[in-house]
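To start, the structure itself, in C-alpha cells.
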2 protein chains.
Amino acid sequence: MSVREAKKQRKKKAIVEAAISLFSAQGYENTSIEQIARAAGVGKGTVYSYFQTKKDLIKGFCEYELEKIHLELVKRSNREATILEQMLTIYMTEFHHVTQNREFGRLYMRESIFPKESDVQDNLETDDKYFQILFPILQKGQERGELRKDVELLYMTAHFYSLYIMIISAWYTGRISTGEVEPAMELLFRQLLEGLQPKNPNSQVSK
Amino acid sequence: MSVREAKKQRKKKAIVEAAISLFSAQGYENTSIEQIARAAGVGKGTVYSYFQTKKDLIKGFCEYELEKIHLELVKRSNREATILEQMLTIYMTEFHHVTQNREFGRLYMRESIFPKESDVQDNLETDDKYFQILFPILQKGQERGELRKDVELLYMTAHFYSLYIMIISAWYTGRISTGEVEPAMELLFRQLLEGLQPKNPNSQVSK
DNA sequence: TACTAATTTCGACTGCAGTCAATTTTCACT
DNA sequence: AGTGAAAATTGACTGCAGTCGAAATTAGTA
C-alpha cells in the first residue's frame with residue numbers, strides 16, 4: 001500500500017472514531033462536523049472528502065457494527081435448532097446491538113429502510129450479506145420439512161425481516177418495552193409459521 | 001369562534017397550502033421556510049409558532065391526506081369480500097396515495113415508524129384510527145372462520161402492517177417497481193394466511 | 001373610549017451543514 | 001535531486017433551520 005493510501009486509511013479511521021466518541025458523549029444533534037474534524041486532527045473539508053454527509057458518519061459506524069454482528073451470528077448459529085429458534089437468535093442478537101446504540105440504530109434504520117433517492121444503492125450490498133446468512137438456514141429448513149418448499153427464499157426472509165422491522169418500530173415508539181421484545185417476536189414468528197388461517201376452519205378452539 | 005381564533009386558522013391553512021405548493025414545485029429540500037412564509041404572507045417566526053420544525057409541515061399535510069384515505073377506505077370497503085381481498089384493497093389504496101406523493105410519503109413513514117425520541121406520542125393517535133378500520137374487518141374474519149380466533153387482533157394487524165411497511169420499503173429502495181407491488185403484496189399476504197410451515201410436513205409438493 | 005395585560009407576529013441573529021477555490025502534499029519520471 | 005501533474009487538505013464562505021426579544025395586535029375591564 002502506498003504512503004498516500006495508508007494515510008487515508010488512518011485518517012478515515014481517526015475521523016470515524018472521533019465521531020463515534022463525540023456522538024456517544026453529546027449525542028448526534030449536538031455534535032458539529034467542525035468538532036469532529038478538530039478532534040480527529042483534520043480540517044472540516046477533509047471530513048467531507050471522506051464522508052459525503054453527516055449521516056454517512058453514522059452509516060460508517062453501523063456498517064462496522066454490522067460486520068461484528070454477522071461474525072457473532074456465524075459463531076452462535078446452531079444448525080440443528082428449529083427455524084423458529086434460529087430466527088429468534090439472529091434477530092434478538094441484532095436487537096441487542098440496537099439497544100446498545102439506540103440513537104445510531106434509529107438513524108441507520110431510517111436511512112436503510114426509507115433511503116433518500118440519491119443513496120439507494122449503498123444499502124443493497126449490506127442486504128446481500130444478510131441473505132448470505134439467512135438463505136442457508138432457511139434452505140435447510142425447507143429440506144428438513146420445517147418450511148414450505150413452494151415459497152421462494154427471498155420471500156421467506158421478507159416475512160421474518162418485516163416482522164423484525166415492525167417490532168423494532170414498536171420498541172422505538174414505546175409501544176413495547178425492551179423486555180417484551182423477545183416474547184412478542186417469538187409469538188409473531190410462531191404465528192407466521194403456523195399461518196393466520198385456522199388449520200381446519202370448522203373446528204378451531206379458542207385458546 | 002373569536003376573531004383571533006379565526007385568523008389563526010386561516011393563517012395556518014395558508015401556511016400549509018403555501019408549503020405543499022412549494023414542496024411540490026421545487027421539492028422539500030429546495031424550499032426554505034422563509035420562502036414558505038413569504039408565499040403565505042407571514043413572517044418566518046410565525047411559521048414556527050404554528051409548526052415546530054420544517055418536518056412538521058409535512059406531517060400536517062400527510063395527516064390531512066390520511067384523513068382522506070380513511071374516508072375513501074370506508075366508502076370502498078366491501079364487508080363480504082375475503083380478508084385477503086379487503087386487506088389488499090386497504091393497503092393498495094394507501095400505496096396509491098404514496099405513489100402520488102413519493103417524497104412526502106417517505107419522510108412521513110420515516111418519522112412515524114422511527115420517530116425522534118421527542119415526538120413519539122404524536123403518532124399514536126394516528127395509529128388508533130387505523131385500528132378502528134382494521135379491527136372490525138379482522139374480527140368479522142374471525143367470526144366467519146377465515147382467521148384463527150386465538151390470535152389477538154392487535155397481532156393480526158401487526159402481521160399485515162409489517163408486510164406493508166416491508167413492501168413500501170422495497171419499493172422505495174427500488175427492489176420492486178410500482179407494477180410489482182400488488183402481486184408481491186398478494187403473494188405475501190396469502191403466504192401469511194397459509195403459514196410458512198407445510199400443512200402436512202411429509203407430503204408437500206413443489207410448485 | 002381608554003387603558004392594561006395577554007397573545008401573536010416579526011425579522012435580525014446564531015450556529016451549523018455543506019461547498020469550493022486556493023494551497024499543500026504526494027507521486028512518477030527524468 | 002528536480003520538476004510538473006495529480007491528489008489531498010483546508011478554512012473562509014453561503015444558505016438555511018431554528019431562536020428570541022422587541023413590536024404590534026387583540027381581549028378584557030371600567
Side-chain angles (χ1 to χ4, degrees), chain A residues 1-20 22-23 25-61 103-104 107 110-111 115-119 122, chain B residues 1-20 22-23 25-61 103-104 107 110-111 115-119 122:
Chain A
M1 187 187 286
S2 67
V3 175
R4 184 177 278 180
E5 277 301 309
K7 256 194 170 175
K8 275 177 77 169
Q9 292 305 316
R10 246 184 297 133
K11 283 201 177 170
K12 185 165 188 174
K13 202 177 160 209
I15 292 169
V16 175
E17 278 168 5
I20 300 314
L22 285 166
F23 287 162
Q26 337 172 329
Y28 175 78
E29 309 273 2
N30 302 321
T31 305
S32 73
I33 295 285
E34 216 159 345
Q35 265 187 300
I36 294 169
R38 243 178 283 136
V42 300
K44 183 175 177 177
T46 308
V47 174
Y48 280 96
S49 77
Y50 289 94
F51 301 91
Q52 301 204 331
T53 69
K54 196 177 175 187
K55 275 176 191 154
D56 283 348
L57 280 166
I58 291 277
K59 215 161 65 184
F61 169 65
E103 190 58 9
F104 296 162
L107 292 166
R110 267 193 193 202
E111 288 304 318
K116 260 233 288 281
E117 211 80 34
S118 51
D119 40 41
D122 297 354
Chain B
M1 187 188 285
S2 67
V3 176
R4 186 176 278 179
E5 276 302 308
K7 254 192 172 175
K8 275 177 78 169
Q9 291 306 316
R10 247 183 296 133
K11 282 200 179 169
K12 186 163 187 177
K13 202 178 160 208
I15 293 168
V16 175
E17 279 167 5
I20 300 316
L22 285 166
F23 286 161
Q26 338 171 328
Y28 176 77
E29 308 274 2
N30 302 321
T31 305
S32 74
I33 295 285
E34 215 158 345
Q35 264 187 300
I36 294 169
R38 242 178 284 134
V42 299
K44 183 175 177 178
T46 307
V47 174
Y48 279 95
S49 77
Y50 288 95
F51 301 92
Q52 301 202 332
T53 68
K54 194 177 175 188
K55 275 175 190 154
D56 283 347
L57 280 165
I58 291 278
K59 216 161 61 183
F61 169 66
E103 189 58 8
F104 296 161
L107 293 166
R110 269 193 190 200
E111 289 303 319
K116 259 236 284 284
E117 211 80 33
S118 51
D119 40 40
D122 298 354

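Here is the naming used below: chain letters follow the sequence lines, and residue numbers restart at 1 for every chain. Computation of the quantities below employed the complete heavy-atom set of this structure, encompassing side-chain atoms and omitting hydrogens, waters and symmetry-equivalent molecules. Small disclaimer: the values here were computed from a predicted structure and weren't measured.
The nearest whole Å value for the distance from the CZ atom in A:R10 to the P atom in D:dA8 is 14 Å. Protein atom CZ of A:F51 is 12 Å distant from nucleotide atom P of D:dT9, rounded to whole Å. In this structure, the CG atom of A:L57 is 14 Å from the C1' atom of C:dC16, given to the nearest Å. Following rounding to the nearest Å, A:K12 (NZ) and D:dT9 (C1') show an atom-to-atom distance of 16 Å. Atoms CD1 (A:I36) and P (C:dC16) sit 12 Å apart, rounded to a whole Å.
The phosphate of D:dT9 has OP1 or OP2 within less than 4.0 Å of a side-chain N or O from A:K11. Phosphate contact (OP1/OP2 of D:dA8, side-chain N/O of A:S49, threshold under 4.0 Å): absent.
Using a 4.0 Å heavy-atom distance criterion, A:Y50 is classed as a sugar-phosphate-only contact.
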### Query
Between B:F51 and B:I33, does a side-chain contact (heavy atoms from CB on, under 4.5 Å) hold up when you go through it step by step?
CA-CA 11 Å; B:F51 301 92; B:I33 295 285; over 6 Å; no
### Task
Determine, step by step, whether B:D56 and B:K59 satisfy the side-chain contact (heavy atoms from CB on, under 4.5 Å) criterion, reporting the C-alpha distance in whole Å, the side-chain angles of both residues, the deciding distance to 0.1 Å, and the verdict.
CA-CA 5 Å; B:D56 283 347; B:K59 216 161 61 183; 3.6 Å; yes
### Message
Working note: B:Y28 + B:L57, criterion side-chain contact (heavy atoms from CB on, under 4.5 Å); need CA distance, chi angles, decisive distance, verdict.
### Response
CA-CA 10 Å; B:Y28 176 77; B:L57 280 165; 6.0 Å; no
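The local environment of CD in B:Q52 is sparse, with at most 12 non-hydrogen atoms from other residues, nucleotides or ligands closer than 6.0 Å.
Judged as a side-chain contact (heavy atoms from CB on, under 4.5 Å), and not counting sequence neighbours, the contacts of A:E103 are A:R106, A:L107, B:E117. In this view, A:V42 and A:K11, A:I15, A:A37, A:A40, A:T46, A:V47 satisfy the side-chain contact (heavy atoms from CB on, under 4.5 Å) rule, not counting sequence neighbours.
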### Task
Indicate for each nucleotide in nucleotides 17-23 of chain C, in 5' to 3' sequence, whether protein heavy atoms under 4.0 Å reach the base (B), only the sugar-phosphate (S), or nothing (-).
BBB----
